[in-house]
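Note on naming: letters A, B, ... go to the chains in the order of the sequence lines (proteins, then strands), and numbering restarts at 1 for each one.
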Amino acid sequence: MKRSVFYDFTKGFIEENPTFRLVIGMCPTLAVTTSVVNGFWMGLSVIFVLVFANVFVSLLRKVTPDEIRLPVFVILIATPVVIVELVMKAYLPAMYEILGIFVPLIVVNCIIIARAEAFAFKQPVLNSLADGLGIGAGYTLNLILISGIREFLGTGQITIGSFRFPATPFFEPAAVMLTPPGGFICLGLLMAILNVLLARRERKTKAQAV
Amino acid sequence: MLRARTLSGGVHLDDRKISSGKPVEFAGIPPEIVLFMSQHTGAPAKPVVKPGDRVLAGQVVGEAQSFVSAPVHASTSGIVKAVENRYHPILAKPSTAVVIEPDGKGEIWEGIAPGSDDISALSPEDIVKIARNAGLVGLGGAAFPTAVKLSPPKDKPIDVYLLNGAECEPYLTCDARLMVEEADEIVFGFMAMMKAVGAPRGIVCIEDNKPEAIMAMERAISGKPGIELCVLKTRYPQGGEKQLIQVVLGREVPPPPGLPFDVGVVVSNVGTAYALAKAIRTGMPLVDRVVTVTGAVRSPSNFRVLLGTPVSFLIEKAGGYAGEPGKVIMGGPMMGISLPRTDVPVVKGTTGIVVMTRDEVNLDKPLPCIRCGRCVDACPLRLLPVWIAAYSDRGTYEEAEKYRALDCCECGVCAYRCPSRRPLVQSIRLAKQAIMEERRARAQKASG
Amino acid sequence: MTERLVVSPSPHWKTDKTVPALMLDVVIALMPAVIASIVFFGWKALAIILTSVSSAVISEAIYEKAVKRDITIKDYSAVITGILLAMNMPPGVPLWMPAIGSAFAIVIAKQLFGGLGCNFVNPALAGRAFLMAAWPLHMTRDWLAPGFFGGVDAGASPTPLAVLKGESSGVLPGLWDMLLGNRAGCLGETSIIAILIGGIYLIWKEVIDPRIPLGFIGTVFVLTWVFGKPGAFFQGNAVYHVLSGGLFLGAFFMATDYVTSPVTARGRLLMGIGCGAITVLIRLWGGYPEGVSYSILLMNLVTPLIDRVVVPRYYGWKHEARKEKAL
Ligand code: SF4
Ligand code: SF4
């Protein structure tokens, strides 16, 4: 069965949402989501690496011997990571300071290796590209969502460059949201909400089917 | 007087012994007598009469089939109406019974011969034989054949015999009344028991909420060598065999299959001692017993009841229900069995009939366990009912077994105390059944 | 006869001490401390307590309604959580804090784990820990000097523990003031006598096991006496340590929470001692002046372990160790 490229793109948002459904790539999710800007750049880096790796793994899938596929993956992943790292260091040094170790660590981010192994190694290039974009975009949205909530509750406003919303916080910010426990609480609640919604949808479709 | 230790766990219950002042009266001959062949722990007896036969009081109607078993005797004279399956209150299923239509004469069988009044003339074997032929079983509720209890294995010498007059269940007064009215007979029977097992020392154990019984027994044992009195502080379930041994002697019976024999002790109920005394003196087998009919009845009473008398007949005799009945319990409120109907008969192990009104019946829905540990604190065997029940509810019976589900004596203290009203005993019982089933299956596989 | 009889397994009697009855006893036992807090901190204390309790009860009702569970607000457990949380707050906090704290305690720490009986930490303490992490300044600075019936002074007033630790300068209140409650501190921890009355009531009613509070307070006493003074042994101000901070409140009302303490008697003694040891560790060498609530939270987490390891010697069974000795 030929898979729909469109489906491979959209599945990353809900059904195979990496953070909330597949629960992979959690360390950067928890570590860098203290502000929307961080989350955005982190997400962008992951999209780039993911697409690059997916496309090349898929291109080379026919000529890669099974036994050495993991080393090949690692090289194919490490290359874009180095690119991201160098580019970021050159043009966004401040952001590089903040994201720090988590950029090189994308190499071992399980989202990317998981997609390479479970998807790109078996699927055509176009689907792999769509998968990389979709999963990456889903991941970025997650990061922005979590970091948005945490930043808003933790500092009282959302700051993007010199833009602040709301201009002055209208409540006293809860510092805990910027700490790891706050990250866990936020993540857990979002995950629970998504699960409840999906379960409800499933029940409805089942009820309709009957 | 011997000082008792404190019970580990247990609870103090409102004892409600409302019938304690009522002398034992004969309940009368009912219109129908139903004698189950299975009225005791062990193999059921085999019916030896046919419908149409005329039987007399004391005549054997069911013969013991094996070592752990007891014969059943007709409790009054009459015609055998049927040998058929009737609903058994304890087993909660139909079971073989001999049904007799009494003729109201109460004629005694010619085979009954008066025995002796002198224990020293009897050998231990004679006493065991009398107990066996009289169909004696423990009358405290467990109904274990007395003859078996009186024949401890030779390699386990018995140094103490405990006479259990604790009667720790609320409401019940049959043992207390018996001690007040028949103290001398009880002591006579007790001395015979001590002789049968060769115990040099005997201790009569009574809870301190029965001052009359204590006085009567104290008088009866005075001058009898080797017999002492031990007054216990009232606490449930002190009348349990294992608990009694613990509080009186400080010994602990090893876990099942350990028996009191293993720590050199035998325990018998005062009612059993009385029945043995009667069997020795008059030759009359076990055909009646004292039953307390109490709770929500118009006049709570203690009756001498012919075995096989229907419960409904007794409730009538006690003046009928006071208020709308909600539950009729055979036994005490803690360990008794609630009856689905009242046409079932009294069996050898029936200590009392307790009627609860509809308002007293608790139908609360159990709440989740709050881990308060009150069940743990109260368990007299120091088990962890909370875990046994939790594993049982989940169906993981091996875990329940590790927490010693099989040791549980089903005293009910844990479920009584649970603030969430969890049916702990029920869950534990389920686990026990499942574990035994599993063992049987395994044993079968191993042998087959 | 045609009577309709109920058939159910034994026992046919059940105690009257049901969950709501026990919880109501706890509420009653908390009353002296509640009254004391109102006496010392005035209407502010009352407002905090009322906010906290109503927030706890309302969030429980809303959550249970939303997930279609039985509404359990009648069992008083939410009320207790609300009162306990309020008792753990400085009297000067803004009112939205108890509201949020109670909602967090009930929804996140209790209901999301399955409701009463399933929560693994004490909800009130979880709520307090959350507030402490979220708005640390309010939770550590909003002390008020006590005054009778609303004589509330604005401004910060150091707690005895902070003084004891050398973090704030100030004079230690006299021992009598500590006992009565005439000192700065959280709402419910100031009056030792009020808490003691409640605690003794609970022990007398057999609602709580004295092993936990005695083990807890005893351990704190001994350890602070031995190690309390830097550089010298056996010279610590143990009496002061025992009387200050939230020790009595924690020992009698929070460490004894059924759900999060061990089910065996020996396990509970261990829990008390463990709480005491951790408290002293935090007070003497940790980063906070007070360690009672964190020590209880930590022991809450160890409780399942204690329950696994500490099992009683079942009747008739011999301990392995004893068996070896006998051989
Ligand atoms: S019923 Fe069993 S578990 Fe419960 S208290 Fe009695 S012996 Fe212990
Ligand atoms: S008494 Fe009931 S609520 Fe308490 S621990 Fe035992 S089972 Fe749980």
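- Among B:Arg421, B:Met356, B:Arg341, B:Glu324, the residue with the largest count of heavy-atom pairs under 4.5 Å with chain C is B:Arg421.
- Using a 4.5 Å heavy-atom threshold, the side chains of B:Ile370 and C:Val19 count as touching.
- Counting heavy-atom pairs closer than 4.5 Å to chain C, the top-ranked of the candidates B:Ser420, B:Ser8, B:Ala92, B:Gly336 is B:Gly336.
- When heavy atoms are compared at a cutoff of 4.5 Å, B:Leu424 does not approach chain C at all.
- Within the structure, every pair that satisfies the side chain to side chain donor-acceptor pair (under 3.5 Å) test and touches residues 118-128 of chain C, not counting sequence neighbours, is listed here: C:Arg128-C:Ser293.
- Residue B:Arg417 holds its CZ atom at 6.0 Å from CD of C:Glu206, rounded to the nearest 0.5 Å.
- For B:Val253, the parts sitting under 4.5 Å from any heavy atom of chain C are the backbone and the side chain alike.
- For a residue to count as touching a neighbouring chain, one of its non-hydrogen atoms must lie under 4.5 Å from one of that chain's; by this rule C:Thr303 touches chain B with the side chain only.
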Tabulate below the donor-acceptor pairs under 3.5 Å that side-chain atoms of residues 270-279 of chain C make, not counting sequence neighbours, or state none.
from     : atom 1 : to       : atom 2 : distance (Å)
C:Thr279 : OG1    : C:Cys275 : O      : 2.7
C:Thr279 : OG1    : C:Ser295 : OG     : 2.9

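- For the pair B:Glu252 and C:Arg313, the salt-bridge criterion is met [side-chain N within less than 4.0 Å of a carboxylate O].
- Across C:Gly316, C:Gly114, C:Gly115, the residue that shares the most heavy-atom pairs under 4.5 angstrom with chain B is C:Gly316.
- Only the side chain of B:Pro368 comes within less than 4.5 Å of a heavy atom in chain C; its backbone stays farther off.
- Interface summary for chain C: among B:Val354, B:Val386, B:Asp343, B:Val376, the most heavy-atom pairs under 4.5 angstrom belong to B:Val376.
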Before you tell me yes or no, could you show the steps for C:Val311 and B:Trp387 under side-chain contact (heavy atoms from CB on, under 4.5 Å), namely the whole-Å CA-CA distance, both residues' side-chain angles and the distance that decides it to 0.1 Å?
CA-CA 11 Å; C:Val311 287; B:Trp387 302 142; 5.9 Å; no
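- Between C:Tyr315 and B:Arg251, the shortest heavy-atom contact is OH-O, 4.0 Å.
- Looking at B:Pro170, the atoms closer than 4.5 Å to chain C (heavy atoms on both sides) all sit in the side chain, from C-beta outward.
- If you take CG on C:Leu22 and CZ on B:Arg374, they are separated by 4.5 Å, rounding to the nearest 0.5 Å.
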Could you go step by step and tell me if C:Trp13 and B:Tyr171 meet the ring pair (Phe, Tyr, Trp, His ring centres under 6.0 Å) rule?
CA-CA 12 Å; C:Trp13 268 12; B:Tyr171 278 119; 5.7 Å; yes
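- Other residues, nucleotides and ligands contribute only 12 or fewer heavy atoms inside 6.0 Å of the OH atom of C:Tyr76.
- In this structure, the separation between NZ on B:Lys365 and CG on C:Asp70 is 4.0 Å, given to the nearest 0.5 Å.
- Comparing B:Cys379, B:Pro255, B:Pro254 by heavy-atom pairs within less than 4.5 Å of chain C, the highest count is held by B:Pro255.
- Partner of C:His12 under the side chain to side chain contact (heavy atoms under 4.5 Å, CB included) criterion, out of B:Lys327, B:Glu360, B:Met334: B:Lys327 alone.
- Inspection of non-hydrogen atoms places B:Asp407, B:Gly412 of residues 405-414 of chain B under 4.5 Å from chain C.
- A donor and an acceptor atom, one from each side chain of B:Arg429 and C:Ser10, are located under 3.5 Å apart.
- Heavy-atom contacts from other residues, nucleotides or ligands closer than 6.0 Å to CZ of C:Arg308 number 12 or fewer.
- Salt-bridge check for C:Asp257 with B:Arg371: failed, with every basic side-chain N at 4.0 Å or more from each acidic carboxylate O.
- Considering OG of C:Ser8 and CD1 of B:Ile329, their distance stands at 7.5 Å, rounded to 0.5 Å.
- Contact tally against chain B (heavy-atom pairs below 4.5 Å) for C:Ser261, C:Pro262, C:Ala265, C:Gly267: the top residue is C:Ser261.
- To the nearest 0.5 Å, atoms CG (B:Leu367) and OG1 (C:Thr18) are separated by 8.0 Å.
- Applying the side chain to side chain donor-acceptor pair (under 3.5 Å) definition to pairs two or more places apart or across chains, those involving residues 255-265 of chain B are B:Lys156-B:Asp262.
- C:Asp307 touches chain B through backbone and side chain together, each having a heavy atom under 4.5 Å away.
- Within the 4.5 Å cutoff, the side chain of B:Thr342 has heavy atoms near those of the C:Leu5 side chain.
- Both the backbone and the side chain of C:Leu116 come within less than 4.5 Å of a heavy atom of chain B.
- Heavy-atom distances place both the backbone and the side chain of B:Cys372 under 4.5 Å from chain C.
- Taking all atoms of both residues into account, the shortest heavy-atom contact from C:Pro11 to B:Val425 is CD-CG2, 3.9 Å.
- Within the 4.5 Å cutoff, the side chain of B:Ser338 has no heavy atoms near those of the C:Val6 side chain.
- Heavy-atom minimum distance, C:Arg268 versus B:Gly373: NH1-CA, 4.2 Å.
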